[in-house]
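Before any comments, here is the structure.
Convention: sequence-line order gives letters A, B, ...; per-chain numbering from 1.
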Amino acid sequence: MEEAAARERKRPREGDAAPSAAAAAGAGKAQYVYLPVADALKAPGARVFLFAAVSEIGAAVRSRGTDFTLTLRVADQSRPAGISVTFFADNVALLPCVKASGDVISLHNVVITMHGEFFVTFNKKFSSFALFEGKVSTECSPYQTSTKYYGTQYDNELLTQMRTWLAYNPPGLKDLELQLRSLKSDTTFDLVCKVLHVYENNGEWIFYVWDGTDTPAAEFQAILDAEAVESSPLHLEGVPLPREVLCTMPCVGTVLRVFTNRYIKEVFHLQKNIYWARFCNITCKQEFGIWKGILGPSSRVRLLSHEDGSVVDRMNRIANQVHRQPMASLPGASNIADVEYEAAGYTTLMESLTHEQVTHKFKTLVRVVAAYPCRASELRLLLTGSYCLRLTLEDPTARIHAYVHKDDGAKFFGGFLTAEALIKKMNKLLGIPEEDEEGTPLTRNPPWIWCCVKSYRLDKNDPWGSRRYRIFGTEIRD
DNA sequence: TTGGGG
């Protein structure tokens with residue numbers, strides 16, 4: 001009798017709870033109390049009550065049936081790795097709308113299922129939920145509840161416990177999280193970033209993502225494959241971004257292109273709005289010295305709200321950023337170029353690309369990643385003064401082609417040089433190391449140089465299409 | 001019914 005009374009006391013007032021669930025949970029167990037997630041897994045098929053923190057927020061999408069569906073990952077102390085919860089509802093507004101990861105969710109009458117691994121299913125007929133803010137607060141009432149949610153006498157106490165646990169175990173902190181500034185090739189990591197643009201073509205998707213930091217400057221093969229150097233691309237995508245999209249890109253920090261040929265269901269939301277997101281289990285590599293993100297079979301995309309801890313952290317860092325110059329060039333750019341255009345302010349390449357006027361002059365800090373021509377035999381032709389040199393300039397925000405006009409060649413190279421001196425200067429510019437006793441080094445690492453560049457147009461009728469860049473007032477020092 | 005990561 002007493003046991004039954006105790007059970008009754010602990011049982012939330014949820015009148016329509018099915019008796020079969022109690023039977024499934026085994027005799028004598030008070031099934032209608034909240035269970036630690038790890039314990040709930042011992043009762044697959046049973047309806048259970050869970051009180052957990054939301055660690056990942058999926059996007060609401062239409063199911064293959066008639067409903068809308070949403071997946072959250074929730075965790076508690078008993079299972080910090082968390083478990084996936086699938087919600088169904090015939091209306092998006094009925095799905096949980098989690099404000100930030102780390103918020104707390106109460107789940108009543110959800111069912112544990114096992115399909116290779118454990119899942120939690122929210123059944124729209126008999127399950128209910130409530131969402132609470134995860135940050136420490138005296139506010140204990142939920143900010144969203146489903147219909148049929150009846151709070152229990154344990155809610156407040158569990159909420160306080162969960163908030164305390166969360167304060168020491170923030171859900172955003174993952175050991176495999178990297179920023180763009182610390183990218184590494186061939187490792188799998190998570191990236192918290194703002195998705196600025198999504199491009200689709202024939203089942204291939206490109207996500208343009210940004211976290212306010214600069215990708216590391218690439219090292220190139222030192223043995224000059226002239227063809228590879230001359231054809232060094234300005235960007236990885238086949239079709240360059242249309243100007244109206246380009247102009248929405250930030251002027252500081254790298255916009256990383258993340259490629260996939262898999263359909264990512266969050267893509268709909270990302271195309272419609274600019275979101276912060278967590279790209280999970282992604283990899284990266286360099287192509288032509290440009291970083292490229294890749295979403296593989298095990299990668300996922302999770303939308304994050306602006307209130308999410310990881311996002312707030314990124315935005316604070318961006319707001320506090322003092323250096324607009326490329327991070328990799330700090331503490332000081334090598335002084336191999338001497339710049340006349342003292343009056344001009346510093347401008348990133350993206351700032352120039354998105355400048356509202358075609359024609360303008362600026363001073364920038366860049367690396368020369370490629371040159372055309374670069375073969376010694378052809379470089380000699382520059383000495384005749386009737387050819388121009390095309391340099392591929394790079395900073396963390398963009399690459400451009402900039403021409404050293406034939407009239408500016410002598411100024412740029414610091415006088416009329418012998419062929420040998422010219423080749424030596426070009427090698428220095430491209431970061432090609434001089435041979436030493438050890439033999440030819442394997443990599444070249446172009447130095448950062450200050451450059452004056454002017455932007456102009458060839459055709460009045462097509463100013464943007466015929467836009468060119470030309471280097472002026474810049475001299476390569478010995 | 002639908003849908004689903006370690």
Quiz item: Touch check for S84(A), heavy atoms < 4.0 angstrom, all strands: base, sugar-phosphate only, or nothing?
Solution: nothing
Quiz item: Of all the choices, dG4(B), dG6(B), dT2(B), which nucleotide is nearest to the side chain of F88(A) once you look at every atom?
Solution: dT2(B)
Quiz item: Would Y149(A) and H108(A) count as a close aromatic pair, with their ring centres under 6.0 Å?
Solution: yes
Exercise. Answer yes or no: side-chain N or O of S298(A) and base N or O of dG6(B) forming a donor-acceptor pair under 3.5 Å.
Key: no
Quiz item: How close or far is atom C1' of dG4(B) from atom CD of E266(A), stated in whole angstroms?
Solution: 13 Å
Exercise. Step through the shown structure and confirm whether more than 12 heavy atoms of other residues, nucleotides or ligands are within 6.0 Å of CD on E287(A).
Key: yes
Quiz item: Roughly how many Å is it from CG in D90(A) to C1' in dG3(B), rounded to a whole number?
Solution: 16 Å
Exercise. Using whole Å, report how far NE2 of H115(A) lies from C1' of dG6(B).
Key: 18 Å
Quiz item: Rounded to the nearest Å, what distance is computed from the CZ atom of residue F119(A) to the P atom of nucleotide dT2(B)?
Solution: 15 Å
Exercise. Give the rounded distance in Å between these two atoms: CD1 of I112(A) and C1' of dG4(B).
Key: 13 Å
Quiz prompt | Pairs meeting criterion ring-ring contact (aromatic ring centres under 6.0 Å, His included) with involvement of residues 182-207 of chain A, two or more places apart | solution = H197(A)-Y208(A), W205(A)-Y263(A), F207(A)-F279(A)
Quiz item: In residues 60-79 of chain A, which ones come under 4.0 Å of DNA chain B, going by heavy atoms?
Solution: S63(A), R64(A), G65(A), T66(A), D67(A), R73(A)
Quiz item: Separation of F87(A) atom CZ from dT2(B) atom C1', in whole Å?
Solution: 15 Å
Quiz item: Which atoms form the tightest heavy-atom contact between T213(A) and R181(A), and what is the distance?
Solution: OG1-N, 3.0 Å
Quiz item: With distance as the sole criterion, do the side chain of K124(A) and the base of dT2(B) form a donor-acceptor contact below 3.5 Å?
Solution: no
Self-check item: Spacing of E56(A) atom CD relative to dG6(B) atom P, expressed in whole Å
Solution: 12 Å
Quiz prompt | Carboxylate-amine/guanidinium proximity below 4.0 Å for E133(A) and R163(A) | solution = no
Quiz item: Do NZ/NE/NH1/NH2 and the carboxylate oxygens of R314(A) and E177(A) come within less than 4.0 Å?
Solution: yes
Self-check item: Residue pairs involving residues 74-85 of chain A (criterion side-chain hydrogen bond (donor to acceptor under 3.5 Å, both in side chains); sequence neighbours excluded)
Solution: D76(A)-S78(A)
